[in-house]
Structures are given as structure tokens and as C-alpha cells.
Amino acid sequence: MSETNIFNQYMNKTNTIVKNKKILQSTYVPENLPHRDDKIGEIAEILSPALSNDKPSNILIIGKTGTGKTAVVNFVGNELKKICEMNKDVSQCAFIYVNCEVVDTPYGILYNICNQIITDPAKKIPFTGWSIEKILSEMTKIVEEENKIFIIVLDEIDRSIQKNGDDIFYYLTSVNDVTKNSKISIVGITNNSKFTELLDTKIRSRLSEEKIIFPPYNVEQLKDILYDRAKEAFIEGMINDDVIPYCAALSAQEMGDARKALDLLRMSADLAERNGDSKVTVAHVKLARSKIEVDATTEIVKTLTDQSKVVLFSIILNKEKGMEFQKTGDVYTTYKIVCENIDMSVLTQRRVGGLISELDMLGIIHARVKSFGKAGRTKEIELIIPKETIQMVTGDELFVNYLNHKSRKQTTLI
DNA sequence: TGTCCACTGGAAGGGAGGGCTT
DNA sequence: AAGCCCTCCCTTCCAGTGGACA
């Protein structure tokens with residue numbers, strides 16, 4: 001049995017191109033963050049009062065995806081932890097990181113923060129069941145007992161605000177009103193520059209006591225970042241000279257996103273290795289680029305709920321019928337037919353409109369509101385996913401019966 | 001200038017599901 | 001077991017909207 005294990009062939013495979021893949025991950029925090037020294041200094045300066053037990057100002061960090069916001073904040077956080085561990089004379093502080101894209105409910109955020117503070121497993125907070133008031137009073141208690149400055153980083157903070165409003169700030173800042181020994185400072189990270197408009201004016205001024213803007217990287221800066229990582233990650237000489245400039249140029253076009261540049265480099269190396277090639281070349285980068293695009297949308301489509309899939313399927317059907325631009329009403333008409341055929345409950349047009357907006361936000365479709373005069377005002381919808389993803393949707397088991405039914409009736413398949 | 005269309009999008013609330021407390 | 005809480009998904013209601021048209 002063990003002789004035929006499917007993984008046997010990979011067991012003794014040595015890396016031929018990359019010696020340390022971890023370094024090419026965008027989540028990896030390197031020792032050195034090129035072109036962000038000024039931002040590191042700025043944040044460190046603002047947070048430094050924590051070392052003398054004073055509450056630092058709250059910070060709001062704004063910048064596009066892949067501009068190093070999270071990496072810089074975590075870097076500063078790690079440094080802060082190190083100095084607290086090494087130097088028992090300084091006031092102790094805690095650095096807590098929560099990604100609001102992963103946990104986006106007020107309860108989830110508070111639960112996450114508390115359980116990072118609580119060390120005793122028996123005292124951990126249950127992931128559901130408590131009221132917000134209860135979790136908040138528990139949090140106030142443990143924060144006060146710890147006698148520290150707490151720096152709480154809320155990454156992708158706009159996600160939570162869009163969904164739940166700014167309650168979470170009331171909760172967190174209210175802790176400071178009660179505690180005497182400990183205080184909480186909030187570091188909010190967002191890639192939405194208009195995010196503060198969503199906030200109550202009082203909260204807005206409180207949260208953005210200090211505002212730091214992260215500009216996108218230019219080609220030269222992206223090159224430096226990639227060279228820096230490649231030096232550590234790759235076996236010497238395994239990457240063509242033109243690969244990094246090419247990756248940097250592509251990513252600079254896409255808003256100076258370092259995360260994308262690293263993904264591109266990593267994927268290119270993966271493809272070269274899997275292909276058994278001796279070196280990474282520009283051809284691998286080109287291939288990696290299209291693969292990343294397909295993978296990203298495929299991943300999103302996979303996680304859609306059944307109802308969203310039906311809405312997307314209806315848009316695909318309409319497009320196959322020749323409707324390049326379709327209206328909400330067109331989608332809803334097709335949607336109802338599909339639902340009836342696959343025995344799924346039909347949602348209201350209001351809800352389907354909401355699902356269409358969600359698909360737009362996920363980048364699967366383009367939906368813009370347009371007025372057609374007497375013909376009304378509605379969304380104009382355009383499908384923008386690659387062919388491979390469309391095939392994945394139409395191949396979903398949810399629609400097998402629908403397509404079989406259609407073919408029996410000898411109408412166009414899709 | 002007012003009317004009309006086909007929605008949009010906000011607000012409020014219902015109900016199911018998961019889990020805690022008493 | 002009953003009561004409570006939070007989240008998610010959904011419905012219902014309704015004011016608002018942009019632009020063609022009379």
C-alpha cells in the first residue's frame with residue numbers, strides 16, 4: 001500500500017530554483033522593508049509614548065493594496081514586542097492584530113482581541129453566545145488587570161464599518177473611559193481613502209488623531225523590493241536578469257502593488273520548477289500572470305452562495321444569448337426561470353439586486369447605474385470573468401439538471 | 001417643466017441557526 | 001428546557017433618481 005502512495009514521487013524532490021518559498025509570500029515580514037523607512041519611523045514615533053506608559057494617539061493608515069501598510073505596522077509591532085521583552089525597565093505594552101476582512105462583526109472583533117489577551121484557556125471567550133455588553137465588560141476587566149498600553153491594529157477596517165457602522169470604535173474607546181491603569185490605542189488600516197466619510201464626525205476625529213498615507217510604489221521601488229526578496233529566496237543564478245524588471249513593470253501598471261509583484265514572482269518560480277525548467281524566464285511570468293487572474297476569480301466563484309451562483313449563471317446565460325449589456329430586469333427574468341427549473345426558492349428582485357451589487361464588488365461583473373430616460377433607471381451589467389471561470393460555473397452540479405432539461409427540449413444549451 | 005419609468009438603495013424587521021446562561 | 005444573544009440571509013416598504021419625452 002505504501003509503495004504506491006501518490007506522494008512518493010515528490011518525497012525526494014529537491015528544490016532546484018527556490019531555496020526558501022516562505023520569503024516570497026506577501027504575508028512574510030522581512031528584516032528590511034525597502035523604501036518604507038520614513039513610514040516606520042513615523043509610526044514608531046507616534047507609538048513610542050507607550051514605552052513610558054502613556055497612551056499613544058490613534059492612527060489611521062491609508063494606502064492602496066500592496067503598499068506595505070500591514071507589513072510596516074507588523075514590523076513596528078514586532079520591534080515593540082522585542083524591546084518590551086528585552087528591556088524590563090520600560091512599561092510593558094501589548095500589540096494586537098485583527099484583520100477585519102476575516103472577522104468582520106463587532107462580536108468577532110471583540111472576541112478576537114480578548115482571546116489574544118487572555119492566556120488561560122479556561123477563561124477564553126466563546127465564539128458566540130455572549131452579549132456585546134458582556135464581552136465588553138469582560139474586556140474592560142482584563143485590560144485593566146493587565147496594567148499595560150494596548151495597541152490594537154484593525155486591518156481592512158473599512159470592511160467592518162461598511163457592514164456594521166462605527167459601533168466598534170464606540171466599544172473600544174469606551175474601554176478607555178473606564179480603565180485607569182491600562183489604555184487602548186487604535187491603529188486603523190484601510191485601502192479606501194474615502195473611508196472616513198462613513199464615520200460619525202466625533203469618531204472620525206478620534207480615530208484619525210494621526211493620519212499616515214502610504215503612496216504606491218514606483219517601478220524602481222518595486223524592483224528593489226523584488227531584488228531584496230529574490231536574493232534570499234532564490235538559488236543564485238536561477239532567475240533571468242529581465243524577470244524582476246518585468247514583474248516590477250507589470251505591477252507598477254497595476255497601482256504599484258508589491259503584493260501582486262511578489263505573487264507574480266513566486267508563481268513564475270513555481271511554474272518553472274513544476275515544468276522542470278532550469279531557470280525562471282519572462283515566459284514564465286507571462287504564464288503566471290494569466291494563471292493568477294484565472295485562479296483569483298475561480299476562487300471567488302467557488303465560495304459564492306448557491307443563490308449568488310444562480311444570479312451569475314443567469315448573467316452568463318443572457319450573455320450567451322447575445323446580451324452583452326444586460327439590465328437588472330433581464331437578469332431577474334432569467335433568474336426566475338433558472339430557479340424554477342432547478343427547484344430553488346425565488347428571491348425578491350430587491351435581494352437579487354443586492355446580489356448583483358455584491359458580484360460587482362467582487363469584480364466578477366461590471367455593474368454601473370445608468371438612466372435610460374423614459375425606459376427607467378437601472379444597472380447596466382457586463383460579465384468580465386475569463387472563459388475558464390465561466391466553464392466552472394456552468395459545470396456546477398447545481399445547474400446539471402437545468403442544462404439536461406434544456407438539451408432534452410432541444411433548445412440552445414446556453 | 002412636469003411626468004414617467006425601472007429601478008436603486010436605505011431602513012426596519014423577521015426568522016433560522018448556533019451557542020451561552022440560568 | 002427556556003430564555004437570551006449575535007449573525008446571516010432574507011423580505012417589505014418606500015423615498016429618491018436621471019434622463020427621455022410630451
Side-chain angles (χ1 to χ4, degrees), chain A residues 98-115 118 120-142 154 156-172 174 192 194-195 197-200 300-301 303-315 318 323 325-336 338-340 342-362 365-382 398:
Chain A
V98 179
N99 188 330
C100 300
E101 199 188 4
V102 183
V103 271
D104 59 358
T105 61
Y107 187 96
I109 292 171
L110 294 176
Y111 158 82
N112 220 283
I113 294 170
C114 287
N115 282 353
I118 300 169
D120 183 355
K123 289 184 178 169
K124 295 260 179 191
I125 300 204
F127 82 94
T128 176
W130 281 20
S131 68
I132 293 280
E133 280 71 26
K134 183 168 180 181
I135 201 169
L136 207 55
S137 84
E138 184 67 19
M139 182 170 162
T140 311
K141 206 175 89 192
I142 51 173
L154 300 176
E156 313 256 1
I157 198 171
D158 44 314
R159 300 286 175 140
S160 165
I161 305 290
Q162 263 166 12
K163 217 175 140 196
N164 315 293
D166 47 21
D167 289 353
I168 190 71
F169 297 117
Y170 281 107
Y171 299 143
L172 289 176
S174 71
N192 179 359
K194 294 199 174 131
F195 146 80
E197 288 170 15
L198 300 169
L199 298 170
D200 181 290
I300 293 170
V301 167
T303 57
L304 292 178
T305 59
D306 285 353
Q307 283 290 356
S308 291
K309 275 187 196 161
V310 179
V311 174
L312 179 58
F313 183 64
S314 308
I315 297 170
N318 282 347
M323 292 164 103
F325 295 98
Q326 33 194 308
K327 298 171 193 161
T328 304
D330 301 328
V331 176
Y332 192 61
T333 309
T334 310
Y335 163 84
K336 279 191 290 190
V338 175
C339 280
E340 279 160 21
I342 63 170
D343 285 332
M344 186 173 263
S345 55
V346 180
L347 303 180
T348 57
Q349 180 154 348
R350 172 71 188 87
R351 181 64 189 137
V352 170
L355 293 177
I356 290 172
S357 300
E358 281 171 27
L359 292 176
D360 179 33
M361 268 173 24
L362 291 169
I365 58 170
H366 263 156
R368 48 188 172 274
V369 179
K370 195 173 167 185
S371 179
F372 296 85
K374 267 234 166 200
R377 183 173 171 266
T378 179
K379 282 198 180 92
E380 196 179 58
I381 300 153
E382 186 191 0
L398 207 55

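Proteins come first, then strands; the chains are lettered A, B, ... in the order of their sequence lines, and each starts at number 1.
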Shortest side-chain distance from [X], nucleotide among [options]:
| X | options | result |
| --- | --- | --- |
| A/Arg351 | C/dC9, B/dC7, C/dT12 | C/dC9 |
| A/Lys379 | C/dT7, B/dT8, C/dC6 | B/dT8 |
| A/Lys327 | B/dG9, B/dC7, C/dT7 | B/dC7 |
| A/Tyr107 | B/dG9, C/dC6, C/dT11 | C/dC6 |
| A/Val369 | B/dC20, B/dT8, C/dC6 | B/dT8 |

Shortest non-hydrogen contact from [X] toward [Y]:
| X | Y | value |
| --- | --- | --- |
| A/Thr328 | A/Ile381 | N-CD1, 4.0 Å |
| A/Lys379 | A/Gly353 | NZ-O, 3.7 Å |
| A/Leu398 | A/Ile342 | O-CG2, 3.6 Å |

What is the distance from [atom1] of [X] to [atom2] of [N], rounded to the nearest Å?
| X | N | atom1 | atom2 | answer |
| --- | --- | --- | --- | --- |
| A/Gln349 | B/dG9 | CD | C1' | 13 Å |
| A/Arg368 | C/dG18 | CZ | P | 17 Å |
| A/Asp360 | B/dT8 | CG | P | 12 Å |
| A/Leu110 | C/dC5 | CG | P | 16 Å |
| A/Glu133 | C/dC4 | CD | P | 15 Å |
| A/Glu380 | B/dA6 | CD | P | 16 Å |
| A/Met344 | C/dC9 | CE | P | 14 Å |
| A/Gln307 | C/dT11 | CD | P | 8 Å |

Below 4.0 angstrom from OP1 or OP2 of [N], is there any side-chain N or O of [X]?
| X | N | value |
| --- | --- | --- |
| A/Trp130 | B/dT21 | yes |
| A/Thr105 | C/dT7 | yes |
| A/Ser371 | B/dA6 | no |

N/O donor-acceptor pairs under 3.5 Å from side chains in residues 106-113 of chain A, not counting sequence neighbours:
{"residue": "A/Tyr107", "atom": "OH", "partner": "A/Pro126", "partner atom": "O", "Å": "2.8"}
{"residue": "A/Tyr107", "atom": "OH", "partner": "A/Trp130", "partner atom": "N", "Å": "3.4"}
{"residue": "A/Asn112", "atom": "OD1", "partner": "A/Gln116", "partner atom": "NE2", "Å": "3.3"}

For this session: Name the nucleic acid region contacted by A/Thr378, choosing base, sugar-phosphate or nothing; use a 4.0 angstrom heavy-atom cut-off, strictly under.
Result: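 Contact class for A/Thr378: sugar-phosphate only.
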Exercise. Which part of the nucleic acid, if any, lies within contact of A/Lys134, taking any heavy atom under 4.0 Å across all strands shown: a base, the sugar-phosphate backbone alone, or nothing?
Worked result: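 Sugar-phosphate: the residue A/Lys134, judged by heavy atoms under 4.0 Å, touches backbone atoms but no base.
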Exercise. Should we say atom NZ of A/Lys124 is surrounded by more than 12 heavy atoms from elsewhere, each under 6.0 Å from it?
Worked result: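 Counting other residues, nucleotides and ligands, NZ of A/Lys124 exceeds 12 neighbours.
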Indicate every side-chain donor-acceptor pair of residues 307-314 of chain A with a distance under 3.5 Å to a residue at least two apart or in another chain.
{"residue": "A/Gln307", "atom": "OE1", "partner": "A/Tyr335", "partner atom": "OH", "Å": "2.6"}
{"residue": "A/Gln307", "atom": "NE2", "partner": "A/Ser345", "partner atom": "O", "Å": "3.0"}
{"residue": "A/Ser308", "atom": "OG", "partner": "A/Thr305", "partner atom": "OG1", "Å": "3.2"}
{"residue": "A/Lys309", "atom": "NZ", "partner": "A/Asp396", "partner atom": "OD2", "Å": "3.1"}
{"residue": "A/Ser314", "atom": "OG", "partner": "A/Val310", "partner atom": "O", "Å": "2.7"}

Exercise. Side chains of A/Leu355 and A/Leu347: closer than 4.5 Å at any heavy-atom pair?
Worked result: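 A side-chain contact under 4.5 Å exists here.
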Using the 3.5 Å cut-off, write out each protein N or O paired with an N or O of nucleotides 14-16 of chain C and the distance between them.
none

Exercise. Does the ring of A/Phe372 carry A/Lys327 above it, NZ/CZ under 6.0 angstrom from centre and within 45° of its axis?
Worked result: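 A/Lys327 over A/Phe372 ring: yes.
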